[in-house]
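Structure record follows, encoded as structure tokens.
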Amino acid sequence: MSDCLFCKIVAGEVPATIVREGERVVAFRDINPQAPTHVLVIPKDHHPSVAELAAADVGLLGEVLGEAHRVAVDEGVDGTGYRVVFNTGAGAGQTVFHVHAHVLGGRGLNWPPG
Ligand code: 5GP
Ligand code: ZN
């Protein structure tokens, strides 16, 4: 999609700090990190949200999740714990409509509390 920010990152038209890249998936640092490790993992193909991706290509969704785990290992947060989040829909805080897994770690992430 020509007007999609993350498609432009895939195409190299918008710069990003890429930490892992495979044939179908790419991972790059979030521009506004919410934790010491905050990496976004996306499929190179455009799918608006995890809902569409799950329906269209669940194998590719598996690749995104596998890559999220490898990012956590590379970043050294797999031992202390990390969170993988797909905000899905504007009501859940999704602002970029190219599916992305947030990989968050490196600080306490106790949620829900208690
Ligand atoms: P969402 O709110 O859709 O779940 O997450 C979108 C994420 O993309 C946000 O955490 C935001 O900081 C990040 N983001 C927005 N624009 C850019 C950009 O140009 N480059 C990078 N690396 N991250 C971005
Ligand atoms: Zn896109």
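For ligands, and for the atoms within them, numbers begin at 1 and follow the listed sequence. Only this structure's heavy atoms are used, side chains among them; waters, hydrogens and symmetry mates stay out.
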In short, side-chain hydrogen bond (donor to acceptor under 3.5 Å, both in side chains) pairs touching residues 76-92 with sequence neighbours left out are His69-Tyr82
Checking distances from the Zn ion (ligand 2), one finds that the N, O or S atom of His98 closest to it is ND1
Which atom of His46 is nearest the Zn ion (ligand 2), counting N, O or S only? It is ND1
Close N or O approach (Ile9, ligand 1; < 3.5 Å):
no
Any nitrogen or oxygen of Gly93 lying under 3.5 Å from a nitrogen or oxygen in ligand 1? Just yes or no. yes
For the Zn ion (ligand 2), angle spanned by Cys4 SG and Cys7 SG (nearest 10°) is 120°
### Message
Are Arg24 and Pro43 packed together at the side-chain level, in the sense that at least one heavy-atom pair is separated by less than 4.5 angstrom?
### Response
no
Report, as yes or no, whether the 6.0 Å neighbourhood of atom CD on Glu23 holds more than 12 heavy atoms from other residues, nucleotides or ligands. no
Residues at least two apart in sequence or cross-chain that pass salt bridge (Lys or Arg N to Asp or Glu O under 4.0 Å) with Asp45, listed by chain then number, are none
Which atoms of ligand 1 sit under 4.0 Å from any heavy atom of [X]?
X	value
Asn32	12 (O)
Leu5	16 (N), 17 (C), 18 (C), 19 (O)
Phe6	8 (O)
Phe28	22 (N)
Leu40	8 (O)

For the rings on His102 and His38, is their centre-to-centre separation under 6.0 Å?
yes
Validation row, ring centre Phe86 to ring centre His100 under 6.0 Å:
no
Sub-4.0 Å heavy-atom contact, Ala16 with ligand 1
no
- Run the contact test for His100 against ligand 1 with a 4.0 Å cut-off on heavy atoms, strictly below, and give the result. yes
Nearest heavy atom to atom 7 (C) of ligand 1, choosing from Asp30, Thr95, Val96, Leu104, belongs to Asp30
